[in-house]
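A short write-up of the structure that comes next.
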Amino acid sequence: MRLWRKSASPDPAAAENAAAGARYASAKERLKGDAQETARQRLMIASVIFGIAFTAVGLRMGYVSLLRDGAEPTQRVAARGGSIQSERADIVDRNGAVLATSVPVMSAFVNPHLLLDPQEAARKIVTALPDLKYDEVREKLEGDRTFVWIKRGLSPREHDRVNRLGIPGLEFQAEERRIYPQGTAAAHILGYASVDNTGLAGMERYFDQQLQSGETVQLSIDLRLQRIVEREIARAVQKFSAIGATAIVMDATNGEVLAMASLPTYNPNSTRTLTNEALFNRATLGVYEQGSTFKIFNTAMALDSGKVSMTSVFDATSPIKIDRFTINDDHAQRRPLSVPEIFKYSSNIASAKMAVDVMGPEGQRAFFDKIGFLKPVTTQLPEVASPLWPRHWMKINTMTIAFGHGISVTPLHLAMGSAAMVNGGILYQPSLVKRTAASDKGRRVIQQKTSVHMRQLLRLNAVEGTGKNANVPGYEVGGKTGTAEKPGRGGYRQKALISSFVGAFPMNDPKFIVIVSLDEPKGLPETGGYATAGWVAAPSVKVIIEQIVSLYGILPGDLKEGLPPIEIASTPVPAPVVPAPVVPASIRRSPGDHRKALPVRPAPGQTAAAPGPGVRRVASE
């Protein structure tokens, strides 16, 4: 309706009335105009209120879908720093072969409140996923919660079967799953991750933050050698009916662990195999008396003191009786023995007298502390055990420790200490990741001339002594046997042995330390019924050494004196690429991101590290 203003009246009274605000022609029209003005104001207020409400709802939806980290499937947030979690990086071996990686998977979840018939839904779900139990699924679906997981990490086939069920309230969430393409290989080194991709053991746990940040971890182990070692100790366990075994191959020149295995083992891809017995890493958690392998350290200690030379003689004519104990020799010669003879015949009597006469309790304890045998090994594995040693180190302890009884260390301690005794006297902490020249310069623990003598003694033992079954013609192998009875209630169990052999080669310039240890092996007719280290462990060391020289293409002529030292080849991994921010898990992987084990030869973008000056690269690429 259009309103017209009346013409102004010349009458002053009429003009005053017009100025007073007579806007409309009548009182009815004025009332109608006021009502419209009120309606406009109310509409404006309502619009503001609705705008605020919608803004709040939008902010809440953004928070729930992008930022919150709770039990319901949302965009995941990194545990540290508050940034969006990126894909967990790979773990690879020294040549770039993938040992652990992450793949996209779907996980099924349900809102029970949206189900029409929980029992029928449970029946259908169990039909599609037969590994689930009906009663457990039904109990979840009949609960009062608004969100329950049905199964996480579905395989593509399982995802398809569940998706075809068409159950209202049953949905899927894109996630990542940690897989181990090599199965049981290096399981105790790698460890495993949880369903939420958090490291729970091994390298996965130690490098959890680095892996979550997308940085690849390259180990020092060689997958090819790792499989060789695992296969050989599995054969030995079966042959000698042992309850377990462990083996280590270490680079004596820098402490890098090239292979490390423990039996029984597990498959990190299958939670059903994660038993306490299988998870126990005998190489780093098994604390054992190492028997006569300790004569390596006892002899080195005496020679390094300057009070003993290679021509020194100790009387081994009669057993030693101290308190209620008697110390005997397994290969008794019943005469005075020189230092090489003590080592060759593995004399307990002469070794005990050497320790007491030369070093005494305090000197012996100080030496074992210097070589790291009185504390846990420092390495990248979180699963390491503390050695067991006498708190009151007396004369009788000095005698028994001289031949490996009364002190217990892990096989990794044994490998670390043995390397120092033969590599020129430098102790390196064991490393399961690749090292550079500046990573660990080591520290001197014995003189270089002492190390030369120890090489000679170890070589003598492999040629003429108890280690003959480990000798590989043409490759200058040295080694020492060690057989210890396991302690039990009331004393030692004579039939329960830990039989170990420490091997090294080439003895003119040691590069490899090889240790094999069997737990409770049983003698066979071909071993004369013996289950000692020279019969059950030394042959496995020989097999592993033969495989090493074949794998790396080492010829007997390569071990001649005067040649440059041997270096084990490896392939550096490419530098990590900075991940793009906030990429959904379902589309995070690019088309060119191939998830498969890399060949041993350098892949595109990788370059084999060039050997340093005066170094021979012998590993086949």
Side-chain angles (χ1 to χ4, degrees), residues 289-303 305 307-361 363-364 394-407 421 453-454 456-471 478-486 491-502 523 527-538:
E289 291 184 348
Q290 300 292 344
S292 291
T293 59
F294 260 50
K295 289 169 185 168
I296 297 172
F297 313 109
N298 187 68
T299 306
M301 175 185 68
L303 291 171
S305 70
K307 301 177 183 178
V308 174
S309 68
M310 295 286 276
T311 58
S312 297
V313 175
F314 293 87
D315 188 14
T317 304
S318 304
I320 299 175
K321 293 185 178 180
I322 180 169
D323 296 335
R324 58 188 178 89
F325 302 99
T326 301
I327 298 175
N328 291 293
D329 281 347
D330 290 333
H331 308 279
Q333 301 300 303
R334 307 298 182 189
R335 62 179 176 84
L337 301 174
S338 66
V339 170
E341 288 177 324
I342 293 171
F343 207 81
K344 173 182 174 180
Y345 296 118
S346 196
S347 172
N348 296 337
I349 298 171
S351 295
K353 289 183 177 181
M354 183 190 297
V356 172
D357 295 347
V358 176
M359 302 299 292
Q364 187 189 53
M394 300 181 292
K395 180 180 179 180
I396 188 171
N397 303 116
T398 304
M399 288 184 171
T400 60
I401 289 173
F403 52 87
H405 287 268
I407 184 172
M421 297 302 105
H453 290 322
M454 292 311 302
Q456 295 170 343
L457 293 175
L458 288 164
R459 177 61 181 155
L460 171 68
N461 191 58
V463 175
E464 301 181 9
T466 58
K468 289 183 288 187
N469 286 334
N471 191 35
K480 184 70 185 76
T481 52
T483 305
E485 297 172 352
K486 295 173 70 174
Y492 287 91
R493 299 157 56 195
Q494 294 184 355
K495 297 297 182 180
L497 304 178
I498 296 289
S499 300
S500 307
F501 189 87
V502 179
T527 67
Y530 292 105
T532 52
W535 289 105
V536 302

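By the side chain to side chain donor-acceptor pair (under 3.5 Å) test, Tyr492 is found to be paired with Glu289, residues two or more places apart in sequence or in another chain being considered. Checked against side chain to side chain contact (heavy atoms under 4.5 Å, CB included), Ser312 has the following partners two or more places apart in sequence or in another chain: Val308, Ser309, Phe314, Val339. Scored by the salt bridge (Lys or Arg N to Asp or Glu O under 4.0 Å) test, Lys353 finds no partners at all (sequence neighbours excluded). In this structure Asn471 satisfies the side chain to side chain donor-acceptor pair (under 3.5 Å) test together with Arg459, sequence neighbours excluded. The side chain to side chain contact (heavy atoms under 4.5 Å, CB included) search around Thr527 returns Phe240, Leu524, Trp535, not counting sequence neighbours. When the salt bridge (Lys or Arg N to Asp or Glu O under 4.0 Å) test is applied to Glu485, no partner is found at least two apart in sequence or on another chain. Judged as a ring-ring contact (aromatic ring centres under 6.0 Å, His included), and not counting sequence neighbours, Phe325 has no contacts. Residues forming a salt bridge (Lys or Arg N to Asp or Glu O under 4.0 Å) with Lys486 (at least two apart in sequence, or on another chain): Asp519, Glu520. Checked against side chain to side chain donor-acceptor pair (under 3.5 Å), Thr326 has no partners two or more places apart in sequence or in another chain. Scored by the side chain to side chain contact (heavy atoms under 4.5 Å, CB included) test, Thr483 finds Leu497, Ser499, Thr532, Ala533 as partners (sequence neighbours excluded). Not counting sequence neighbours, the partners of Thr466 by the side chain to side chain donor-acceptor pair (under 3.5 Å) test are Asn461, Thr481.
Among residue pairs with one or both ends in residues 321-335, those qualifying as salt bridge (Lys or Arg N to Asp or Glu O under 4.0 Å) are Arg335-Glu341; sequence neighbours excluded.
In plain terms, the two heavy atoms of Ser305 and Val358 that are nearest each other are OG-CG1, 3.3 Å. Minimum interatomic distance between Met454 and Ile296 (heavy atoms only, all atoms of both residues): CE-O, 3.3 Å. Annotation for Gly363 and Met301: closest pair O-SD, 4.4 Å, computed over non-hydrogen atoms. Of all heavy-atom pairs spanning Ala484 and Gly291, the tightest one is CB-N, 3.8 Å. Residue Pro340 comes nearest to Met310 through the heavy atom pair CD-O, 3.0 Å, listed as atom of the first residue, atom of the second, then distance. Pairing each heavy atom of Met354 with each of Ala302, the nearest pair is SD-CB, 3.4 Å.
Here the CD1-CZ distance, from Ile327 to Phe403, works out to 4.0 Å after rounding to the nearest 0.5 Å. Between Tyr345 atom OH and Ser338 atom OG the span is 9.0 Å, to the nearest 0.5 Å. With values rounded to the nearest 0.5 angstrom, Asn348 atom CG is found 11.0 Å from Ile342 atom CD1. With rounding to the nearest 0.5 angstrom, the CG atom of Asn298 is 11.5 Å from the OG1 atom of Thr293. With rounding to the nearest 0.5 angstrom, the OG1 atom of Thr317 is 8.5 Å from the CD1 atom of Ile349. Atom-to-atom distance recorded for Lys395:NZ and Gln364:CD is 13.0 Å, nearest 0.5 angstrom.
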Apply side-chain contact (heavy atoms from CB on, under 4.5 Å) to Leu458 and Phe343, showing your working. CA-CA 8 Å; Leu458 288 164; Phe343 207 81; 3.7 Å; yes
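In this structure the side chain of Gln290 reaches within 4.5 angstrom of the side chain of Ser500, judged on heavy atoms.
Under a 3.5 Å cut-off, the side chain of Asn328 and the backbone N or O of Pro319 do not form any donor-acceptor pair.
A side-chain donor-acceptor contact under 3.5 Å links Ser346 and Lys480.
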